[in-house]
Student: 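So that we are looking at the same thing, I have put the structure below in structure tokens.
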Amino acid sequence: MSSFAAVILMTPDVLRAMTEVPRHLFVPAGMRDLAYHDGPLPIGYDQTISQPYIVALMSQLLAIKKGDRVLEIGTGSGYQAAVLDRMGADVFTIEIVTALGNRARDLLDQLGYDRVRVKIGDGYLGWPEYAPFNGIIVTCAPTRIPEPLKEQLAEGGRMVIPVGESGFQQLFLLTKKNGKIIREKIIDVRFVPMVNERGRLTDDRDD
């Protein structure tokens with residue numbers, strides 16, 4: 001059985017959250033008739049909202065408990081953060097594109113997702129002021145797993161992150177046990193690349 005098949009069954013918490021969040025409000029008005037199709041959609045600024053299955057899968061892999069502190073890298077439309085909010089997490093989400101981050105913050109506030117805090121900034125660096133995090137979810141792909149995110153993951157915590165070159169990545173589940181990171185490949189995926197504040201790919205900042 002492939003990893004893809006092994007994780008297709010979703011928990012009631014994930015299914016309930018996906019049902020409760022009005023996905024059509026998080027996509028451009030002209031594309032709302034496609035909001036519930038199982039595919040990604042553009043949201044402007046060369047960014048996308050992930051397909052519903054991937055949102056559900058990544059949320060499931062975090063194994064969130066109510067009150068967990070979760071860091072999201074790549075706010076985008078705010079949809080993933082809203083799902084995590086409905087699962088009971090306290091969500092700290094970072095968006096590098098100012099216009100997207102401000103738009104997501106306004107929409108999340110308007111819809112009453114009051115467990116979500118939005119920051120405009122470089123997600124590669126994480127959000128050390130609120131670390132450690134029980135979960136970290138990354139919705140853009142670096143070429144390597146950022147060291148700051150590993151450091152900000154709590155003992156026993158989980159990180160779900162796509163890693164690889166532009167156009168082809170692998171989704172990994174990372175778990176921190178006894179201070180060490182254990183990595184498990186889940187499926188092949190395609191995400192937008194992670195960039196820094198100068199618009200450069202994350203491998204430009206690596207040594």
Student: Provide the closest heavy-atom pair for M194 versus I73 in the form atom of the first, atom of the second, distance.
Tutor: CE-CG2, 3.8 Å
Student: If I compare all heavy atoms of L62 with all of G135, which pair ends up nearest, and what's the gap?
Tutor: CD2-CA, 4.2 Å
Student: Counting only heavy atoms not in R32 (residues, nucleotides, ligands), do more than 12 fall under 6.0 Å from its CZ?
Tutor: yes
Student: Can you see which heavy atom on I64 is nearest to which on L84, and at what distance?
Tutor: CD1-CD2, 3.3 Å
Student: Please round to the nearest 0.5 Å and tell me the distance separating atom CG of L107 and atom CG of L25.
Tutor: 6.5 Å
Student: Just so I know, are the side chains of M31 and L41 near enough to count as touching, which here means a heavy-atom distance under 4.5 Å?
Tutor: yes
Student: Working to the nearest 0.5 angstrom, can you tell me the gap between T139 OG1 and Q80 CD?
Tutor: 7.0 Å
Student: Could you name each residue pair satisfying ring-ring contact (aromatic ring centres under 6.0 Å, His included) that touches residues 160-195, not counting sequence neighbours?
Tutor: none
Student: Applying side chain to side chain contact (heavy atoms under 4.5 Å, CB included) to S59 and M10, what does each step give before you reach the verdict?
Tutor: CA-CA 9 Å; S59 302; M10 301 299 168; over 6 Å; no
Student: Taking the six-membered ring of Y36 as reference, does the cationic atom of R23 (NZ for Lys, CZ for Arg) lie under 6.0 Å from its centre and within 45° of its axis?
Tutor: no
Student: Is L174 close to R158 at the side-chain level, that is, under 4.5 Å between some pair of heavy atoms?
Tutor: no
Student: So do M18 and V83 actually touch side chain to side chain, heavy atoms under 4.5 Å?
Tutor: yes
Student: Could you check Q47 against V192 for side chain to side chain contact (heavy atoms under 4.5 Å, CB included), going step by step and ending with a plain yes or no?
Tutor: CA-CA 7 Å; Q47 304 299 304; V192 297; 3.4 Å; yes
Student: Counting only N and O atoms by type, is there a donor-acceptor contact under 3.5 Å from the side chain of D106 to the main-chain atoms of R103?
Tutor: no
Student: Check P142 against C140 and note the closest heavy-atom contact, atom names and distance.
Tutor: CD-O, 3.3 Å
Student: Where do L108 and V118 land on the side chain to side chain contact (heavy atoms under 4.5 Å, CB included) test, with the steps shown first?
Tutor: CA-CA 9 Å; L108 290 162; V118 180; 4.0 Å; yes
Student: Quick check against the 3.5 Å criterion: does T48 have a side-chain atom that pairs as donor or acceptor with the backbone of S50?
Tutor: no
Student: Rounded to the nearest 0.5 Å, how far does CD1 of I182 lie from NZ of K177?
Tutor: 4.5 Å
Student: List the atom pairs, with distances to 0.1 Å, where a side-chain N or O of residues 85-96 and a protein N or O form a donor-acceptor pair under 3.5 Å, not counting sequence neighbours.
Tutor:
unit_1 : atom_1 : unit_2 : atom_2 : d
D85    : OD2    : R115   : N      : 3.1
D90    : OD1    : R115   : NH2    : 3.2
T93    : OG1    : E72    : OE1    : 2.7
T93    : OG1    : T75    : OG1    : 2.6
E95    : OE1    : T75    : N      : 3.2
E95    : OE1    : G76    : N      : 2.7
E95    : OE2    : V97    : N      : 2.9

Student: Under a 3.5 Å threshold, yes or no: a donor from one side chain and an acceptor from the other, between E184 and T175?
Tutor: no
Student: What pair of heavy atoms forms the shortest contact from S77 to I43, and how long is it?
Tutor: N-CD1, 3.5 Å
Student: Just verifying a value: how many Å separate L173 CG and R183 CZ, rounded to the nearest 0.5 Å?
Tutor: 11.5 Å
Student: Indicate yes or no: at least one non-hydrogen side-chain atom of D38 is less than 4.5 angstrom from one of I54.
Tutor: no
Student: Are L171 and M58 close enough that some pair of their side-chain heavy atoms sits under 4.5 Å apart?
Tutor: yes
Student: Side chains of Q170 and I186, heavy atoms from C-beta outward: is any pair under 4.5 Å?
Tutor: no
Student: Please determine whether side chain to side chain contact (heavy atoms under 4.5 Å, CB included) holds for the pair F133 and V70, giving the CA-CA distance in whole Å, both sets of side-chain angles, and the decisive distance to 0.1 Å.
Tutor: CA-CA 6 Å; F133 298 98; V70 175; over 6 Å; no
Student: Report the residues that fulfil salt bridge (charged side-chain N to carboxylate O under 4.0 Å, His left out) with D109, sequence neighbours left out, ordered by chain and then residue number.
Tutor: none
Student: Considering residues at least two apart in sequence or located in another chain, which fulfil the ring pair (Phe, Tyr, Trp, His ring centres under 6.0 Å) criterion with H37?
Tutor: none
Student: Distance-only check: which donor-acceptor pairs under 3.5 Å involve side-chain atoms of residues 146-155, not counting sequence neighbours?
Tutor:
unit_1 : atom_1 : unit_2 : atom_2 : d
E147   : OE2    : K150   : NZ     : 3.1
Q152   : OE1    : W127   : N      : 2.8
Q152   : NE2    : L125   : O      : 3.0
Q152   : NE2    : P148   : O      : 3.4
E155   : OE1    : N178   : N      : 3.4
E155   : OE1    : G179   : N      : 2.9
E155   : OE2    : N178   : N      : 2.5

Student: Hey, could you give me each pair passing salt bridge (Lys or Arg N to Asp or Glu O under 4.0 Å) that has a residue in residues 40-55? Not counting sequence neighbours.
Tutor: none
